[in-house]
Amino acid sequence: MQIQYKKTTINFTSTGKGSAIVLLHGFLENLTMWNTTVEQLSKKYRVICIDLLGHGESENYGYVHTMEDQAKMVKAVLDYLKLRKYVLVGHSMGGYISLAFAKLFAHNLKGLCLMNSTALPDTEEKKLNRNRGIEAVKQNHKTFIRIAIPMLFSEENRTVFSKQITEITNEALKISAQGIIAALEGMKTRKNQTSIYKTASYPVQMFIGKQDPISNYNALINQTKNTNVKVVELSGGHMSHVENKEEFISALEQFAKNCFN
């Protein structure tokens, strides 16, 4: 399905019936990353997946896609579907967008779940790496994608899941250079959202891959201290929905059950 949002085409799917769970993919991904998750969750819930700005079949909105821009677009899709309350699940960049959404539209949330994501803003070092990434994308965005995707998996899983890495890479190669740059620019300037962990009136859960090559394990754990955030640790890397598929879906189902009861 598609809608027009500020003259921009936005692509999304809605599967199943019941209480709504919204799945937001990460950087260089699209809504197809959730296919297996949707298959399972839609047996009990209505599951909405959205192609974020500049990703999948959703068009670019501007030179920079801030996390707030993305959150407002997500809200427009959910308003179009006449949904008032839902659980929001975000992977990596989708987690940043989920946090921006929580800041703007807290009253709509029944629960918030982050997979391999952080409420902290980029460090100065990370911002430099984003800038290097932007330059690399301008040189050859397809090479950037082919290098980036395998690095999301734990080292040992790059061989184990080589077939899935090829599939994910092929999906990512559909993204335009502009879509990648707009996302990098948006992530680079995102805000510190750690206060949400202390003030949320709904359940919050965080999935952490213990071998995640792009996240700082200690920083993730530290931001949840003295909060009600439930932490689920998994053995793999950044791509828990592939590397720890069964455990991820099982824990997500339990979380949804807790949110809607």
Side-chain angles (χ1 to χ4, degrees), residues 18-27 34 37 41 44-50 52 66-79 81 83-123 186-187 189-210 212 215-234 238 240-241 247-261:
S19 301
I21 301 175
V22 183
L23 304 178
L24 302 181
H25 65 77
F27 177 58
W34 299 114
T37 311
L41 289 181
K44 293 179 185 172
Y45 303 102
R46 183 177 184 184
V47 186
I48 290 91
C49 301
I50 302 170
L52 297 168
T66 68
M67 302 304 100
E68 289 74 20
D69 288 337
Q70 298 269 22
K72 288 171 187 173
M73 176 278 288
V74 168
K75 181 69 161 57
V77 172
L78 301 176
D79 286 350
L81 292 170
L83 295 171
R84 292 211 331 266
K85 295 276 188 180
Y86 24 80
V87 167
L88 206 50
V89 181
H91 178 224
S92 198
M93 181 179 78
Y96 309 153
I97 294 162
S98 298
L99 287 162
F101 190 102
K103 200 77 166 179
L104 293 166
F105 312 112
H107 59 284
N108 292 106
L109 293 185
K110 291 288 282 182
L112 176 66
C113 183
L114 305 185
M115 175 177 43
N116 312 116
S117 194
T118 179
L120 293 169
D122 272 359
T123 61
M187 289 189 287
T189 58
R190 72 181 190 281
K191 300 177 177 72
N192 186 329
Q193 304 283 27
T194 49
S195 63
I196 290 171
Y197 291 165
K198 293 184 170 70
T199 59
S201 58
Y202 43 79
V204 182
Q205 180 165 289
M206 183 193 279
F207 286 98
I208 297 177
K210 285 194 270 191
D212 187 338
S215 297
N216 183 312
Y217 174 83
N218 291 328
L220 290 175
I221 292 293
N222 286 338
Q223 64 193 261
T224 66
K225 284 182 178 169
N226 305 315
T227 71
N228 293 321
V229 176
K230 186 186 178 207
V231 174
V232 178
E233 295 191 21
L234 300 170
H238 196 67
S240 300
H241 60 296
E247 304 102 301
F248 168 69
I249 290 175
S250 175
L252 189 54
E253 281 185 307
Q254 188 57 53
F255 178 70
K257 190 177 172 184
N258 294 340
C259 292
F260 291 122
N261 280 355

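Counting heavy atoms from C-beta on, the side chains of N116 and L220 never come closer than 4.5 Å. Within the 4.5 Å cutoff, side-chain heavy atoms of L99 are placed close to those of Y197. Side-chain contact between C113 and F207 is present, with heavy atoms from C-beta onward closer than 4.5 Å. Using a 4.5 Å heavy-atom cutoff, the side chains of Q193 and M67 are not in contact. The closest side-chain heavy-atom distance from I221 to E233 is below 4.5 Å. Between M115 and L252 the shortest side-chain heavy-atom distance does not fall below 4.5 Å.
Proximity of a side-chain donor or acceptor of H91 to a complementary backbone N or O of H238 within less than 3.5 Å is detected. The main-chain N or O of G209 is never found under 3.5 Å from a side-chain atom of D212 such that the two would form a donor-acceptor pair. Side chain of Q205 to main chain of F255: no donor-acceptor pair is present (N/O by atom type, distance under 3.5 Å, no hydrogens or angles). In this structure, the side chain of H25 engages the main chain of L52 through a donor-acceptor pair within 3.5 Å. Formation of a donor-acceptor pair under 3.5 Å by the Q254 side chain with backbone atoms of S250 is not found in this model. The backbone N or O of L120 lies less than 3.5 Å from a partner atom in the side chain of R190, making a donor-acceptor pair.
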### Message
Determine whether S215 and I208 satisfy the following criterion, side chain to side chain contact (heavy atoms under 4.5 Å, CB included), listing intermediate values before the conclusion.
### Response
CA-CA 9 Å; S215 297; I208 297 177; over 6 Å; no

### Query
Are N258 and K230 close enough, and set up right, to give a side chain to side chain contact (heavy atoms under 4.5 Å, CB included), and what steps lead you there?
CA-CA 12 Å; N258 294 340; K230 186 186 178 207; 5.6 Å; no

### Message
Using the rule given for side chain to side chain contact (heavy atoms under 4.5 Å, CB included), can you reason through L24 versus Q70, listing the C-alpha separation, both sets of side-chain angles and the distance that settles it, and then say yes or no?
### Response
CA-CA 10 Å; L24 302 181; Q70 298 269 22; over 6 Å; no

### Task
Determine, stepwise, if the pair K85 / F260 fulfils side chain to side chain contact (heavy atoms under 4.5 Å, CB included).
CA-CA 10 Å; K85 295 276 188 180; F260 291 122; over 6 Å; no

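Taking the six-membered ring for Trp and thresholds of 30 and 60 degrees, Y86 and F101 have ring planes more than 60 degrees apart, a perpendicular arrangement. Ring-plane geometry between H241 and F248 is classed as perpendicular, the angle between the planes exceeding 60 degrees on a 0 to 90 degree scale with a lower cut at 30.
Residue Q223 forms a side chain to side chain donor-acceptor pair (under 3.5 Å) with just one option from T194, N218, T118, and that option is T118. Screening L88, V87, V89 for a side-chain contact (heavy atoms from CB on, under 4.5 Å) with V22, the sole residue that qualifies is L88.
Surrounding NZ of K75 are more than 12 heavy atoms belonging to other residues, nucleotides or ligands, all under 6.0 Å away. Within 6.0 Å of atom CG in N216, more than 12 heavy atoms from other residues, nucleotides or ligands are found, so the atom counts as buried in its surroundings.
Among residues at least two apart or in separate chains, side chain to side chain donor-acceptor pair (under 3.5 Å) pairs with a member in residues 93-113 are K103-S195.
Here the OG1-CG distance, from T37 to L23, works out to 6.5 Å after rounding to the nearest 0.5 Å. Taking OG of S201 as the reference point, atom CG of N228 lies at 11.0 Å (rounded to 0.5 Å). Atom-to-atom distance recorded for L41:CG and S19:OG is 12.0 Å, nearest 0.5 angstrom.
With sequence neighbours excluded, the residues that form a side-chain contact (heavy atoms from CB on, under 4.5 Å) with L104 are E68, A71, K72. Taking S117 as the reference, nothing meets the side chain to side chain donor-acceptor pair (under 3.5 Å) condition, with sequence neighbours excluded.
Considering every non-hydrogen atom in both L112 and Y202, the closest pair reads CB-CE1, 3.7 Å.
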